[in-house]
Number of protein chains: 2
Amino acid sequence: MPAPDTSSAAHLIAACGGRVTRTRIAVLEILQDSPRSLNHDDVAARLAADGMPHDRVTLYRTLDWLVEQGLAHRIIGPDRARRFKAGGEPRSQHAHFHCDRCGHVLCLESIRPDEQFTLPAGYQPERAELVFHGTCADCGRQRGAKV
Amino acid sequence: MPAPDTSSAAHLIAACGGRVTRTRIAVLEILQDSPRSLNHDDVAARLAADGMPHDRVTLYRTLDWLVEQGLAHRIIGPDRARRFKAGGEPRSQHAHFHCDRCGHVLCLESIRPDEQFTLPAGYQPERAELVFHGTCADCGRQRGAKV
DNA sequence: ACGGTTAATGCTACAATGTTGCATTAACCG
DNA sequence: CGGTTAATGCAACATTGTAGCATTAACCGT
């Protein structure tokens with residue numbers, strides 16, 4: 001049973017020219033393992049669960065660094081807090097889905113807003129951000145459940 | 001030269017059943033007069049310019065009240081701060097444009113994201129939020145200007 | 001027009017999220 | 001293994017938004 005994720009995280013970090021630290025590896029793996037985007041607290045909780053207590057500031061800096069290196073991307077949640085997810089978005093602008101029930105954010109890779117719209121004359125868009133709000137597939141099935 | 005806006009603001013407020021106060025009138029008029037959405041500080045600055053200094057908390061509450069009554073709507077800016085604009089969005093979900101040059105947010109009434117996309121099975125979207133980032137028409141004309 | 005009722009205001013203190021500066025630690029390199 | 005310096009951890013601060021409560025003033029009835 002190979003564990004390519006683990007080495008992958010370390011390799012990705014090394015490839016960026018940064019130092020390969022416990023924190024960076026752990027944070028990137030956490031993001032990679034999650035199908036949903038995580039906010040700062042989510043990541044902190046998982047670090048703690050792994051027996052890796054961590055400083056708030058270091059976590060902010062680590063997450064920012066991962067985004068800066070293109071190893072993760074960041075969106076602003078409905079609660080005006082940032083949420084992070086592994087994988088950059090080099091040019092592939094995909095949509096997101098905010099579940100109003102469970103509060104999680106999912107990626108809709110198949111939907112590309114930048115290919116669909118024509119803006120009024122004069123506007124020069126560089127990227128588009130499309131966010132749906134509603135009930136996600138998981139919460140839709142177990143309707144009534146209040147996670 | 002009639003000034004319908006002024007009475008309009010007061011009438012709209014009265015129609016909601018709330019008390020018609022100086023603050024509410026002034027804030028609503030400021031939002032109505034602006035073609036762009038304003039954040040809390042923008043509104044506070046204009047109140048001050050009108051010789052109406054105001055409490056931060058009152059302004060937050062006034063803005064929230066206007067949104068609650070459907071007299072204004074609110075979006076979250078790229079700096080994770082709220083921005084407000086007159087006019088509710090009863091069901092008409094329009095797109096917004098964040099200008100990276102001047103930082104302002106404009107409404108693109110003609111673009112309706114909720115009519116364009118088909119989501120994967122299971123998702124139950126209730127509303128869609130589409131935000132373009134780039135250079136707005138104003139900044140595009142005077143390229144190089146750094147407001 | 002006047003006074004009472006109560007919504008709205010303004011103040012202070014607090015909460016959540018994110019940032020800055022700087023001393024200490026530990027990753028990398030020879 | 002030891003030196004260099006990026007990364008960390010800590011404390012203090014900044015920004016954005018909230019909560020509680022005493023005071024003011026908008027509305028209503030008379």
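Keep in mind the model is a prediction, meaning the values are calculated, not measured. Order of the sequence lines sets the chain letters (A, B, ...), proteins ahead of strands, with each chain counted from 1.
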Check the phosphate of C:dA8 against B:T23, side-chain N and O only, distance under 4.0 Å to OP1 or OP2. Yes or no?
no
Just the rounded figure in Å: distance from P of C:dG18 to CD1 of B:I76.
11 Å
Results of side-chain hydrogen bond (donor to acceptor under 3.5 Å, both in side chains) for A:T135 - residues two or more places apart only
none
Kindly write out the residues that satisfy side-chain contact (heavy atoms from CB on, under 4.5 Å) with A:A26, not counting sequence neighbours, or none if the list is empty.
A:L47, A:M52
Rounded to whole Å, CG of A:L47 lies from P of D:dT8 at a distance of 11 Å
With pairs defined as Watson-Crick or G-U wobble and both distances under 3.5 angstrom, please note down DNA chain C as a dot-bracket string, | for pairing with another strand.
||||||||||||||||||||||||||||||
With sequence neighbours excluded, residues passing side-chain hydrogen bond (donor to acceptor under 3.5 Å, both in side chains) with A:H40:
none
For A:I76, give me all partners under side-chain contact (heavy atoms from CB on, under 4.5 Å), at least two apart in sequence or on another chain.
B:I76, B:R80
B:V67: partners by side-chain contact (heavy atoms from CB on, under 4.5 Å), with sequence neighbours left out
B:A72, B:R74, B:F84
Using the six-membered ring wherever Trp is involved, compare the ring planes of A:F132 and A:F97 and label them parallel, tilted or perpendicular (cut-offs 30° and 60°).
parallel
With sequence neighbours excluded, tell me which residues meet side-chain hydrogen bond (donor to acceptor under 3.5 Å, both in side chains) with B:T21.
none
Give the other cluster members for A:V131, using side-chain heavy-atom distances under 4.5 Å between Ile, Leu, Val, Met, Phe, Trp and Tyr residues; answer none if it is isolated.
none
DNA chain D: 5'-proximal contact among B:D41 and A:T62 (nearest heavy atom):
A:T62
Nearest whole angstrom, please: distance from the P of C:dT9 to the CG of B:L63.
11 Å
Do the side-chain N or O atoms of A:H54 get closer than 4.0 angstrom to the phosphate oxygens (OP1, OP2) of D:dG9?
yes
Result for 5'-nearest mapping on DNA chain C, choosing between B:R80 and B:T58, is B:T58
Qualifying salt bridge (charged side-chain N to carboxylate O under 4.0 Å, His left out) pairs, either residue in residues 43-63 of chain A, two or more places apart:
none
Mind jotting down which residue pairs meet the salt bridge (charged side-chain N to carboxylate O under 4.0 Å, His left out) criterion with at least one end in residues 8-24 of chain B? Sequence neighbours excluded, please.
none
Nearest whole Å is fine: how far is D:dT16 P from B:F84 CZ?
12 Å
Rounded distance in Å - CG (B:D79) to P (D:dT16):
7 Å
Sequence-aligned protein contact record of nucleotides 19-30 of chain C, with B where the base is within under 4.0 Å of a protein heavy atom and S where only the sugar-phosphate is:
BBB-----BS--
By nearest atom, which of the nucleotides D:dT16, D:dC10, C:dT17 is closest to the A:D55 side chain?
D:dC10
With heavy-atom distances below 4.5 Å as the criterion, would you say the side chains of A:L59 and A:H54 are in contact?
no
What are the atom names and distances for every N/O pair under 3.5 Å that joins the protein to nucleotides 28-30 of chain D?
none

